[in-house]
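To start, the structure under review is shown below, and the notes come after it.
In each ligand, atom 1 is the first atom listed, and ligand 1 is the first ligand listed.
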Amino acid sequence: MRIALYPGSFDPITMGHLDIIKRVYKLFDHIVVGVLHNPKKNTLFTPKERTDIITNVLKAEKLDNCVSVDSFHGLLVDYTKAKNINVVIRGLRATSDYEYEHTLALMNKELSSELETFFLMASNNYSFVSSNLIKELFPFGADLKNYVHPIVMEAMKKQLS
Ligand code: ADP
């Protein structure tokens with residue numbers, strides 16, 4: 001089985017993340033969306049909430065037969081080794097992403113020589129979309145329907161009410 005891990009905070013999942021999943025899932029037998037639990041990061045949703053939201057979005061998009069969700073904490077390479085996963089998917093938006101992603105991929109390769117990181121360029125429509133920007137704009141009533149799934153919109157409404 002060719003399994004790839006798409007790790008991230010997904011706080012919350014955006015259409016940009018979903019776009020990467022939709023473009024990549026056909027290339028592998030299975031994709032695991034890995035929700036990273038980083039206690040140092042101040043998040044809007046708990047790992048369990050983020051995992052539940054993604055599960056519901058994948059179901060609604062009929063992707064749940066080839067894409068699953070899991071959450072993990074600690075080192076990414078420990079997770080991939082434990083699950084026998086050799087490919088990590090990451091998205092690249094701007095040059096600012098590149099610098100961080102470059103060092104992260106090199107470090108992960110040092111820590112696990114079997115691990116390869118595959119990068120997908122963000123689509124034009126989503127290259128400016130980030131979870132942080134969504135969280136910043138949402139409380140002001142910005143029209144975000146093109147950038148987050150209705151399930152995410154509902155969850156944010158509930159969380160911030
Ligand atoms: P992290 O905290 O690990 O950066 P994110 O949830 O912000 O987690 O992002 C997970 C991955 O998805 C990263 O590789 C990021 O570059 C990518 N990504 C985030 N937003 C987009 C987007 N709009 N289009 C494409 N890739 C994206």
Given 3.5 Å as the limit, does a donor-acceptor pair link the side chain of T43 with the main chain of F45, or not?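 Judged by distance alone, yes, a pair lies under 3.5 Å.
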
Tell me whether E101 contacts the main-chain N or O of Y98 through its side chain, where contact means a donor paired with an acceptor under 3.5 Å.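 Answer holds: no.
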
With sequence neighbours excluded, residues passing side chain to side chain donor-acceptor pair (under 3.5 Å) with D70: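 Here the qualifying residues are Y79.
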
For N84, enumerate each residue passing the side chain to side chain donor-acceptor pair (under 3.5 Å) test, keeping only those at least two apart in sequence or located in another chain.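 With neighbours one apart ignored, the set is empty.
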
Cut-off 3.5 Å, no hydrogens considered: what does the side-chain donor-acceptor table look like for residues 136-149, sequence neighbours left out?
| residue | atom | partner | partner atom | Å |
| --- | --- | --- | --- | --- |
| D143 | OD1 | K145 | N | 3.3 |
| D143 | OD2 | K145 | NZ | 3.0 |
| H149 | ND1 | I151 | N | 3.2 |
| H149 | NE2 | E61 | OE2 | 3.0 |

side-chain hydrogen bond (donor to acceptor under 3.5 Å, both in side chains) between R50 and S9, intermediate numbers included: CA-CA 8 Å; R50 283 178 268 154; S9 308; 5.2 Å; no

Tell me, which residues have any heavy atom less than 4.0 Å from some atom of ligand 1?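 Under the 4.0 Å cut-off, ligand 1 touches Y6, P7, G8, S9, F10, G16, H17, I20, K41, R90, G91, R93, D97, E101, A122, Y126, V129.
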
